[in-house]
Chemist: 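The structure is given below, and queries will be raised subsequently.
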Amino acid sequence: MMNSRSMKRVGVAVVTAALTAAALAGCSGSTDGNNTGGGGDVTLTWWHNATSGPIPAVWEDVAAEFEDAHPGVTVEQTGYQNEELQRTLIPNALAAGDPPDLFQVWPGGELRDQVDNGYLMPLDDSIGDTIASVGTTVTPWQVDGVTYGVPFTFGIEGFWYNTDQFAEAGVEIPQTFDDLIDAVDKLRDAGFTPIAVGAGDGWPAAHWWYQFALKSCSPETLAQAEKDFDFSDGCWVEAGERLQDFIGIEPFQEGFLGTPAQQGAGSSAGMVANGQASMELMGHWNAGTIGGLTADQKVPPFLGWFPVPGITGADGDPKAALGGGDGFGCSASAPPECAELLAYIMSEDVQKRFAASGSGIPTVSAAVSSLDDPNLTMVADGLAASSSVQLWFDTAFGTTVGNAMNEGIVNLFAGAGSPKDIVTKMQDAAETQ
């Protein structure tokens, strides 16, 4: 995510014709002779957020393969920049009654709103086996037990760090937040900038509060807040207080309030890429971003990853992780071939190609072994070891509450707001919905 959910920069993929034919034959749910499922020419429009790296080519191949196996079906796939797609194109198309057939569907608050408005097709009856293949990662794309989208990639956030600088400073991987504080002190004493943060873009700063909230609030409190927008538990203010104390030890680079996250060598990712900072809190896509910001355009050999540690004595689950993914759903007005295309996208063969391309962590477990990128493998292992995954809070709470929350957090970073102000903004925004 160039916000919590964007496309990342990575490597290339190849597939054999035999595997492609076998996967297509296995995923088709149509019964008539020409595999169109409706007995006539069908055009499927497919909007996604793939605009760079190898994944646009993967989706182009998928569309062509589906057309070849389904005579009479044309797939028109188009990639758009993530923010434009999510904030403008899809909402406007849905509201106008002219949506694409298959499109990027984000879980949490946006999904609930789209379901409430009758915009999405229920998928359980048409592609139940596909839904089962991704396990619990599909849960955020369900409302009242009904599935309206299927994630093709899912990952968690953690610390991307410079293993060489950690070794020189005598720092071991932190197991608690107290250990993280000790690591900051040791790194600074060794002459390194401990942590880079791209607070100039807003959301990377917000993610620090998200992590403190995740580790401060019990799983029951988090679930209740997402359901009822109840932020009365004291842990929400405690999260801000803990973050305020952490900012007070000066763990970040000079000028962090104006630093971008992922654009250019001077960004927070660029600082880690070029040895100017020892670590960065960021999502699973960050290795590709870092690799694109080095002089040789390669992921540096010193790069490592570790999960966010828990807070000793807090109510939060220390093994819970924060994360999210990208998924696709069909509009309520889409033809049945839309669900068939989604099933093919989620087939083991296509998921293996997606994994091999380095574009992300696949959600079909049988495809995880096809990950070639050791950095993505580390995150996949972290995901497997986590007790649960909390969606990015701005995604979970929806746009209205999420924007107010992020504004309050950025104000706290800038010294212009308090821990209580963040919660007040969230509560006030929830009351307007």
Side-chain angles (χ1 to χ4, degrees), residues 1-8 47-50 82-83 85-87 89-91 94 99-100 102-124 127 130-157 203 206-207 210 213-214 219 222-229 283-285 320-332 339 342 345-346 351 354 360-364 379 383 386 388-403 405-406 430 433:
M1 121 192 131
M2 298 300 169
N3 63 3
S4 296
R5 308 168 278 278
S6 334
M7 290 309 302
K8 334 305 181 253
W47 291 1
H48 53 73
N49 65 358
N82 191 76
E83 289 298 311
L85 187 66
Q86 181 188 14
R87 301 303 181 193
L89 294 177
I90 288 176
L94 290 170
L102 183 70
F103 57 94
Q104 206 93 13
V105 174
W106 286 271
E110 292 179 42
L111 175 71
R112 292 193 295 269
D113 289 344
Q114 290 174 359
V115 171
D116 288 344
N117 284 291
Y119 292 150
L120 296 176
M121 176 192 295
L123 298 168
D124 298 274
I127 55 170
T130 294
I131 293 167
S133 72
V134 303
T136 58
T137 59
V138 77
T139 303
W141 281 264
Q142 295 175 328
V143 176
D144 296 330
V146 179
T147 307
Y148 294 94
V150 184
F152 61 88
T153 183
F154 201 95
I156 60 173
E157 187 170 67
W203 59 266
H207 279 222
Y210 295 179
L214 176 68
L222 297 175
Q224 190 69 27
E226 190 169 338
K227 180 181 179 181
D228 299 332
F229 298 103
H284 50 281
W285 59 85
L322 185 76
D326 286 336
F328 292 122
C330 294
S331 69
L342 177 52
I345 292 169
M346 297 307 305
Q351 278 271 283
F354 175 81
I361 300 170
T363 51
V364 173
V379 180
L383 174 60
S386 62
S388 63
V389 178
Q390 166 66 50
L391 277 179
W392 319 113
F393 282 118
D394 55 350
T395 300
F397 296 146
T399 302
T400 302
V401 175
N403 287 348
M405 172 180 61
N406 289 351
Q433 295 191 125

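Since we're looking at a predicted model, the values are computed, not measured.
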Chemist: Distance check, rounded to the nearest 0.5 Å: L111 atom CG versus T395 atom OG1?
Modeler: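 Interatomic distance, L111 CG to T395 OG1, rounded to 0.5 Å: 11.0 Å.
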Chemist: Would you compute the distance between atom CD of E110 and atom CD of Q104 and round it to the nearest 0.5 angstrom?
Modeler: 11.0 Å
Chemist: Using side-chain heavy atoms (C-beta onward) and a distance below 4.5 Å, is V379 in contact with L383?
Modeler: no
Chemist: Would you say that N117 contacts L94 through its side chain, given a criterion of any heavy-atom pair below 4.5 Å between the two side chains?
Modeler: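 Counting from C-beta outward, N117 and L94 never come under 4.5 Å.
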Chemist: Are any non-hydrogen side-chain atoms of F103 and L89 less than 4.5 angstrom apart?
Modeler: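 Sidechains of L89 and F103: no contact.
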Chemist: Got a sec, which residues hit side chain to side chain contact (heavy atoms under 4.5 Å, CB included) with A430, two or more places apart in sequence or on another chain?
Modeler: F229, V401
Chemist: Applying side-chain hydrogen bond (donor to acceptor under 3.5 Å, both in side chains) to D124 and T147, what does each step give before you reach the verdict?
Modeler: CA-CA 6 Å; D124 298 274; T147 307; 2.9 Å; yes
Chemist: Could you list the residues that satisfy side chain to side chain contact (heavy atoms under 4.5 Å, CB included) with P91, not counting sequence neighbours?
Modeler: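 Scan of P91 (side chain to side chain contact (heavy atoms under 4.5 Å, CB included), adjacent residues dropped) gives none.
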Chemist: Holding to side chain to side chain contact (heavy atoms under 4.5 Å, CB included), I want the full list of residues that pass it with P122, two or more places apart in sequence or in another chain.
Modeler: V146, Y148
Chemist: What is the ring orientation for F393 with F397, classed by angle as parallel under 30°, tilted 30 to 60°, or perpendicular over 60°?
Modeler: parallel
Chemist: Once the angle between the rings of F152 and F354 is folded into 0 to 90°, is it parallel (under 30°), tilted (30 to 60°) or perpendicular (over 60°)?
Modeler: perpendicular
Chemist: Would you please classify the geometry between the H284 ring and the W392 ring as parallel, tilted or perpendicular, with 30° and 60° separating the classes?
Modeler: parallel
